[in-house]
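Computed from a predicted structure; not experimentally measured. In this chain, residues are counted from 1 in sequence order.
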Amino acid sequence: MNVIFDMDGLMFDTEKVVIKAWDYAGEKIGVGKAGFMVYKTLGMNRAASNNVWKEEFGDRYSEEGLRKYTKEFLKKYYDENTVPVKKGLYVLLDFLKSKQCKMAVASSSARHEVEKYLKDTGVKDYFLDIVCGDMIENSKPEPDIYLKACELIGEEPENCYALEDSKNGLLSAYRAGCKPIMIPDLWQPDEEIMKIIVARYDDLEQLKAAFESGDL
């Protein structure tokens, strides 16, 4: 069994923090509280997300300003708070490790962010490799990131489960040929997604129980 993990909203409850950061940054750059943009860009890498911001705000949008103030907010937040870990992450990782499963991360976030969060939460060593949004040409929902993750761990996509919380992420995994499993966070599955996922669980603890019982 091989498992590829998304990061934000799946392993860590970081998307809610980004909402606060974008509210802060949006006011700083003059477009008003912009935390709602998280919902419009779920699963996208920086380049794809940037295009959505331009469509939303036009000439009022400053990518440089957004990145500056987002970084400022997040640095202060994580200086004062730990990375919020989603329920069941540690027990799931321990279980998969005990079964000698190959694991990788496929996150649309930048590599420096991914590595920091994995290191700060003590889970980096569980994963054979990491693929990030700044390492691939086409963002989720295109299949690039999952195809690359499968290549790096030396497994065919059809032999890999992909754990995701966003529509873009689930479509990416499905288009790559992986077996998508949804653990909802900010977004609930629609009819299109329900047709392509192999399972849906409320949290990673439930998923661990499903793996353990042989339901998957």
Side-chain angles (χ1 to χ4, degrees), residues 3-25 33-46 48-49 52-53 70 73-74 77-78 81-93 96 103-110 113-114 116-118 120-121 123 126-127 130-133 139-141 145-146 149 160-176 178-211 216:
V3 184
I4 303 172
F5 288 69
D6 175 45
M7 187 183 78
D8 293 297
L10 189 283
M11 289 197 284
F12 310 128
D13 206 6
T14 42
E15 285 173 343
K16 294 182 178 68
V17 181
V18 174
I19 289 174
K20 296 177 182 178
W22 282 1
D23 276 345
Y24 172 81
K33 289 186 176 181
F36 69 92
M37 291 297 291
V38 168
Y39 294 89
K40 294 194 171 194
T41 58
L42 282 174
M44 294 181 181
N45 67 8
R46 178 171 173 172
S49 174
V52 176
W53 277 83
T70 299
F73 181 94
L74 293 176
Y77 181 90
Y78 287 116
N81 301 274
T82 57
V83 177
V85 177
K86 298 285 274 188
K87 180 182 178 182
L89 177 64
Y90 293 117
V91 294
L92 175 60
L93 290 173
L96 295 175
M103 292 180 274
V105 176
S107 170
S108 293
S109 294
E113 293 178 2
V114 176
K116 174 176 169 45
Y117 291 164
L118 296 179
D120 287 354
T121 55
V123 302
Y126 285 91
F127 300 102
I130 300 166
V131 187
C132 304
S139 173
K140 299 174 183 179
I145 197 166
Y146 276 100
C160 298
Y161 288 102
L163 312 186
E164 278 280 357
D165 66 291
S166 73
K167 184 169 187 172
N168 285 325
L170 291 159
L171 287 171
S172 174
Y174 177 74
R175 290 169 180 173
C178 297
K179 295 179 281 189
I181 296 176
M182 184 177 191
I183 314 291
D185 181 43
L186 298 180
W187 181 82
Q188 295 296 320
D190 57 20
E191 187 175 341
E192 178 185 9
I193 291 301
M194 290 303 294
K195 289 178 181 177
I196 68 168
I197 59 177
V198 298
R200 174 197 178 281
Y201 298 98
D202 291 337
D203 54 55
L204 298 173
E205 200 169 274
Q206 284 188 3
L207 174 57
K208 180 258 184 184
F211 279 136
L216 287 169

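- Residues that satisfy the side chain to side chain contact (heavy atoms under 4.5 Å, CB included) test with Lys40, not counting sequence neighbours, are Phe36, Met37, Val52, Glu56.
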Practice task
For the pair Ser109 and Asp8, evaluate side chain to side chain donor-acceptor pair (under 3.5 Å) and give the outcome as yes or no after the intermediate values.
Solution key: CA-CA 8 Å; Ser109 294; Asp8 293 297; 2.5 Å; yes

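- Within the 4.5 Å cutoff, no side-chain heavy atoms of Leu89 are placed close to those of Thr121.
- Scanning both residues, Ala21 and Leu74, for their nearest heavy atoms gives CB-CD2, 4.0 Å.
- Separating the CD atom in Glu15 from the CE atom in Met7 is a distance of 9.0 Å, to the nearest 0.5 Å.
- Within the 4.5 Å cutoff, no side-chain heavy atoms of Asp120 are placed close to those of Thr82.
- Ring planes of Phe12 and Tyr117: perpendicular class, angle over 60° (limits at 30 and 60°).
- Shown are Leu10, Asp6, Leu118, Val131; of these, the side-chain contact (heavy atoms from CB on, under 4.5 Å) with Val105 is made only by Leu118.
- Between Tyr161 and Phe211, the two ring planes are perpendicular [angle over 60°; tilted spans 30° to 60°].
- Taken from CE in Met194 to CD in Glu191, the straight-line distance is 10.0 Å, to the nearest 0.5 Å.
- Of the possible polar contacts, none joining the Ser139 side chain to the Met44 backbone as a donor-acceptor pair under 3.5 Å is found.
- Phe5 and Leu93 make their closest contact through CZ-CD2, 3.7 Å (heavy atoms, listed as atom of the first residue, atom of the second, distance).
- The two residues Gly35 and Asp23 have their closest heavy-atom pair at N-OD1, 2.7 Å.
- The side-chain heavy atoms of Leu186 and Asp165, taken from C-beta on, include no pair separated by under 4.5 Å.
- In this structure, Val17 and Tyr78 have side chains that are in contact, with non-hydrogen atoms separated by less than 4.5 Å.
- Using a 4.5 Å heavy-atom cutoff, the side chains of Glu164 and Pro180 are not in contact.
- Looking at heavy atoms from C-beta onward, Trp53 lies in side-chain contact with Trp22 at the 4.5 angstrom threshold.
- With sequence neighbours left out, Lys16 forms a side-chain hydrogen bond (donor to acceptor under 3.5 Å, both in side chains) with Asp13, Asp185.
- Using modelled atom types, one side-chain atom of Asn168 and one backbone atom of Leu42 make a donor-acceptor pair closer than 3.5 Å.
- From Lys86, atom NZ reaches atom OG1 of Thr14 across 8.5 Å, with rounding to the nearest 0.5 Å.
- No side-chain donor-acceptor contact under 3.5 Å links Lys20 to the backbone of Phe73.
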Practice task
Show your reasoning for whether side chain to side chain contact (heavy atoms under 4.5 Å, CB included) applies to Leu204 and Tyr90.
Solution key: CA-CA 9 Å; Leu204 298 173; Tyr90 293 117; over 6 Å; no

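- Contact between Gln188 and Met182 at its shortest, heavy atoms only, is C-CE, 4.2 Å.
- Val3 places none of its side-chain heavy atoms less than 4.5 Å from the side chain of Leu92.
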Handout entry: Stepwise side chain to side chain contact (heavy atoms under 4.5 Å, CB included) check, Glu192 with Leu171
Key = CA-CA 9 Å; Glu192 178 185 9; Leu171 287 171; 3.8 Å; yes

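- Contact of the Arg200 side chain with the Ile193 side chain is not registered, since no non-hydrogen atoms from C-beta on lie closer than 4.5 Å.
- Taking all atoms of both residues into account, the shortest heavy-atom contact from Tyr201 to Pro184 is O-CD, 3.2 Å.
- Between atom CD1 of residue Ile183 and atom CG of residue Leu207 there is a gap of 5.0 Å, rounded to the nearest 0.5 Å.
- For the pair Gly133 and Ile145, the tightest heavy-atom approach, listed with the atom from each and the gap, is N-CD1, 4.4 Å.
- No more than 12 heavy-atom neighbours from other residues, nucleotides or ligands sit within 6.0 angstrom of OH on Tyr174.
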